[in-house]
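Working notes, structure below.
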Number of protein chains: 2
Amino acid sequence: MKRPTLKDVAKAASVSTAAVSYVLNGKHEKVSGETLERINNVIKSLNYVPDYSARSLVKNQSRLIGIVIPQTEKHAQLILENPWYSEIISGIEGKLRKYGYHLLLSGVNQGESYLDLLIQRNLDGAIIMGIYPEEFYEGLKKIKIPIVLIDSYINDSYFYRIGIDDEYGGYLATKYLIDRGHTNIGMITGAIRREGVVEKRFLGYKRAIRESNLFYNPDYVFEDSMSYDHGVAAGHRIASAFPEITAVFATADMIAFGLIKSFTDEGIRTPDDISVIGFDDVFMSRMFLPPLTTVRQDIKKKGVIAAERLLSLIGEAGDDDNGQSEDLRETILPLEIVERGTVIRRGNGQSLTETEHGRG
Amino acid sequence: MKRPTLKDVAKAASVSTAAVSYVLNGKHEKVSGETLERINNVIKSLNYVPDYSARSLVKNQSRLIGIVIPQTEKHAQLILENPWYSEIISGIEGKLRKYGYHLLLSGVNQGESYLDLLIQRNLDGAIIMGIYPEEFYEGLKKIKIPIVLIDSYINDSYFYRIGIDDEYGGYLATKYLIDRGHTNIGMITGAIRREGVVEKRFLGYKRAIRESNLFYNPDYVFEDSMSYDHGVAAGHRIASAFPEITAVFATADMIAFGLIKSFTDEGIRTPDDISVIGFDDVFMSRMFLPPLTTVRQDIKKKGVIAAERLLSLIGEAGDDDNGQSEDLRETILPLEIVERGTVIRRGNGQSLTETEHGRG
DNA sequence: TCACCCTTTGAAAACACTTTCATAACAGTA
DNA sequence: TACTGTTATGAAAGTGTTTTCAAAGGGTGA
């Protein structure tokens, strides 16, 4: 009752293993119609399924795609808690499975051992999220495997990248607040790292402020982590130390949720007392109360496109590229502001002349 | 510049491949200290990493664990959007990686092809979430692979199960509302399927009602899907057709969010006008405004335990079981109500005598 | 010095496939 | 009938490991 092998099938159909292999791989031109049918019958009756390990060994490809998710050092746990990742993975998985590829999901801290994994498991490609040390990317290049980077600003034409214009996003959000009469605008954000998305959004924030001839106050940017908790902490800090701030740009929706929560606890109402704009438009942003005004990117689509790009690199023609050969190295997805309930026009009310520089 | 193989290492160290294999697999007793060192040096200098495909082929094990996530038929997309899954996967991944296992994540619809995958890829085990057709489980049993079922009520001692007492959870939630003076209690839920968690929670709901000598009204249970959207729809329906309902039990936090949202849109305040209790305590429940009162289960722990159980089944002693050999086939995790801001005692206020049977 | 035993080593088979290449079979043509 | 060309088939080599088993090596005791 052992699992049948290709050899068993060959014997039962009284053909060579080569013939069986041919039909398994759809090389029908190598096999006559009659034997084809015979072999197929045996396969079915024996319940034969090919062994990927063996196949992988000889073909040197695994039909496995690696997905890399950054992992906090503290918790040694995936950042999956951030719904952003869930959404993008959902997009990736859907596409990949359609083409017979499977997902190898790994949390990665500093890149370290992932390179070995890539080699050991013969991965056919990888989709990488997050920012890692220089050496990681160098290692990636050495292993000659198709790589798609999501939200990375690594300036190396070796890699294929899917992203958004984060600088513009930051600008958009900030400008949106400025246009609504806000002049003291805080920014709450994760770590501003060299060439990371956050840095770009920060740049956009500053550009909007300067362009409008407002004063850029470094004290108004609260940098820590892309987390709910940071939002909470920053919210309390703003409430107690910066009453003049009337609007904040959170560089992630999760941060915005934390902000609003702590504002609420402090008795500051959103948007009546302070406006908040987020970034991402994760699934739950529209569920939040009040629904979050935010800079929307199509997260799931990002995943789908990343998967398509990878497939086409592997040679599976997964790209629904309509002929136009744009520069495939870099795909920038559009951004838009979705207006919901957390931003209000300042000066809309009555008492603002009285307490011009603050919420009171 | 090809990737070095074990054979290359052997040659460079002028030993046989067997010796190299021994040190790779930590069989140090087979290799003298001197050669051990020499081999290790060569491995390092050649940057050698073993090929899992080959190893897998001969050892007939892959160090790969399958994770099965149910998938909606419509969207052919993972249900990852539900943060519940993200959290549990996060728990699983953390544990498994520590032991050198990797995660193969798949969305599965009706079970169909997953059985083949299990065989093809030589998976060492699988963790299965969701409910599938009978044949799927039959197939699972035939392939003799360690399987851990999460939240399943399949009554078959072949499988190892991790879950909670859903009936009790439903009872707990409903009783909590009853104890706070509510008598007309709605239940909003996903599909009540044979032997599913939802059915159990439903049973608990009914038990609590009967036990308190209240009238069980089938019209008060809104069955559709475990989704935010269903919550929204049900909320509107309750607002327009069932003004006498003063509290609802949502069998998933996601549903509760939808409910509260639609109540808000209808001008019904939570908890002042209607109380809502959820189930799960997903990460975002405490972030919600108002923070959601809910039946808490430790989702991440569920994942960790599932992983541990699987590891110990595989023989990796991943179980931190402190000696007691309870019935490992079934692990029931505790449940507790976390009181936050969405349930209020009825009759607490003043006007309730006036409009005794309704919100007004 | 020899026999014996224990440790260390290496040759080779096995794992389940793919693919190349040679051959067999066959029909068609001169 | 012999030759050519085409197609269908199968033998065998190769893929990178693990593991068994036999042999070599080295020490010990007599």
Side-chain angles (χ1 to χ4, degrees), chain A residues 2-40 42-43 46-64 100 116-124, chain B residues 2-40 42-43 46-64 100 116-124:
Chain A
K2 254 195 61 189
R3 168 178 170 194
T5 74
L6 186 147
K7 213 188 276 181
D8 299 330
V9 174
K11 203 178 299 172
S14 44
V15 295
S16 78
T17 61
V20 180
S21 176
Y22 290 146
V23 349
L24 245 33
N25 293 287
K27 309 205 172 173
H28 291 202
E29 72 278 10
K30 305 280 237 161
V31 157
S32 72
E34 199 243 335
T35 39
L36 173 81
E37 196 179 347
R38 183 152 40 100
I39 293 175
N40 269 328
V42 174
I43 288 180
L46 250 51
N47 247 318
Y48 168 78
V49 269
D51 182 318
Y52 269 56
S53 303
R55 179 179 284 179
S56 178
L57 178 59
V58 25
K59 302 233 287 192
N60 209 43
Q61 53 126 292
S62 58
R63 298 224 140 223
L64 235 35
D116 284 353
L117 178 60
L118 236 37
I119 300 179
Q120 287 178 314
R121 295 255 187 220
N122 254 309
L123 299 195
D124 292 345
Chain B
K2 253 194 64 188
R3 167 180 171 193
T5 74
L6 186 148
K7 214 187 276 179
D8 299 329
V9 174
K11 204 178 299 172
S14 43
V15 295
S16 79
T17 61
V20 180
S21 176
Y22 290 145
V23 349
L24 245 34
N25 292 287
K27 311 205 172 174
H28 291 202
E29 72 279 9
K30 305 279 238 160
V31 155
S32 70
E34 199 244 337
T35 41
L36 173 80
E37 196 180 347
R38 182 151 42 98
I39 292 175
N40 269 328
V42 174
I43 288 180
L46 250 50
N47 246 318
Y48 167 78
V49 267
D51 183 319
Y52 270 55
S53 303
R55 179 178 285 179
S56 178
L57 178 59
V58 25
K59 303 233 286 192
N60 209 43
Q61 52 124 290
S62 57
R63 299 224 138 222
L64 235 35
D116 284 354
L117 178 59
L118 236 38
I119 300 179
Q120 287 179 312
R121 295 256 186 218
N122 254 310
L123 299 194
D124 292 345

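A, B, ... follow the sequence lines: proteins, then strands. Residue 1 opens every chain.
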### Query
If you measure from CG on Leu64(A) to CG on Leu118(A), what distance do you get to the nearest 0.5 Å?
10.5 Å
### Query
Can you tell me how far CG of Asp124(A) sits from CG of Asn60(A), rounded to the nearest 0.5 angstrom?
9.0 Å
#### Entry: Terminal contacting nucleotides, 5' and 3', DNA chain D versus chain A (heavy atom, 4.0 Å)
dA8(D) to dG16(D)
#### Entry: Interface residues of residues 5-14 of chain A with DNA chain C (non-hydrogen, below 4.0 angstrom)
Thr5(A), Leu6(A)
### Query
So, for Arg63(B) and Arg121(A), which heavy atoms are closest and what is the spacing to 0.1 Å?
O-NH2, 2.8 Å
### Task
Identify the heavy atoms of Gln120(A) and Arg3(B) that sit nearest to each other, and give their distance.
CA-NH2, 4.2 Å
### Query
Is there a side-chain contact between Thr5(A) and Asp8(A) (heavy atoms, below 4.5 Å)?
yes
### Query
What is the bend of the helix from dT1(C)-dA30(D) to dA30(C)-dT1(D) when you compare the axis at one end with the axis at the other, using five pairs each and rounding to 10°?
60°
## Note on the structure
In numerical order, the residues of residues 15-28 of chain A whose heavy atoms come under 4.0 Å of DNA chain D are Val15(A), Ser16(A), Thr17(A), Ala18(A), Tyr22(A)
### Query
Are any side-chain N or O atoms of Arg38(A) and backbone N or O atoms of Val15(A), one a donor and one an acceptor, separated by less than 3.5 Å?
no
### Task
With a 4.0 angstrom cut-off to heavy atoms of chain B, pull out the first and last contacting nucleotide of DNA chain C, in 5'-to-3' order.
dT8(C) to dA16(C)
### Message
Using a heavy-atom cut-off of 4.0 Å across all strands, would you classify Tyr48(A) as base, sugar-phosphate, or nothing?
### Response
sugar-phosphate
### Message
Classify Ser56(B) by what it touches in the nucleic acid, base, sugar-phosphate, or nothing, heavy-atom distance under 4.0 Å.
### Response
nothing
### Message
Between Leu24(A) and Ile43(A), is the side chain to side chain contact (heavy atoms under 4.5 Å, CB included) condition met? List the steps.
### Response
CA-CA 9 Å; Leu24(A) 245 33; Ile43(A) 288 180; 3.4 Å; yes
### Task
Could you give me the CA-CA distance, side-chain angles and deciding distance for Val20(A) and Thr17(A), then say whether side chain to side chain contact (heavy atoms under 4.5 Å, CB included) is met?
CA-CA 5 Å; Val20(A) 180; Thr17(A) 61; 5.6 Å; no
Using a 3.5 Å cut-off and no angle test, enumerate the donor-acceptor pairs between side-chain atoms of residues 46-57 of chain A and protein atoms at least two apart in sequence or in another chain.
from     : atom 1 : to        : atom 2 : distance (Å)
Asp51(A) : OD1    : Ser53(A)  : N      : 2.6
Asp51(A) : OD1    : Ser53(A)  : OG     : 3.4
Asp51(A) : OD1    : Ala54(A)  : N      : 3.2
Asp51(A) : OD2    : Asn122(B) : ND2    : 3.3
Ser53(A) : OG     : Ser56(B)  : OG     : 2.9
Ser56(A) : OG     : Gln61(A)  : O      : 3.3
Ser56(A) : OG     : Ser53(B)  : OG     : 2.9

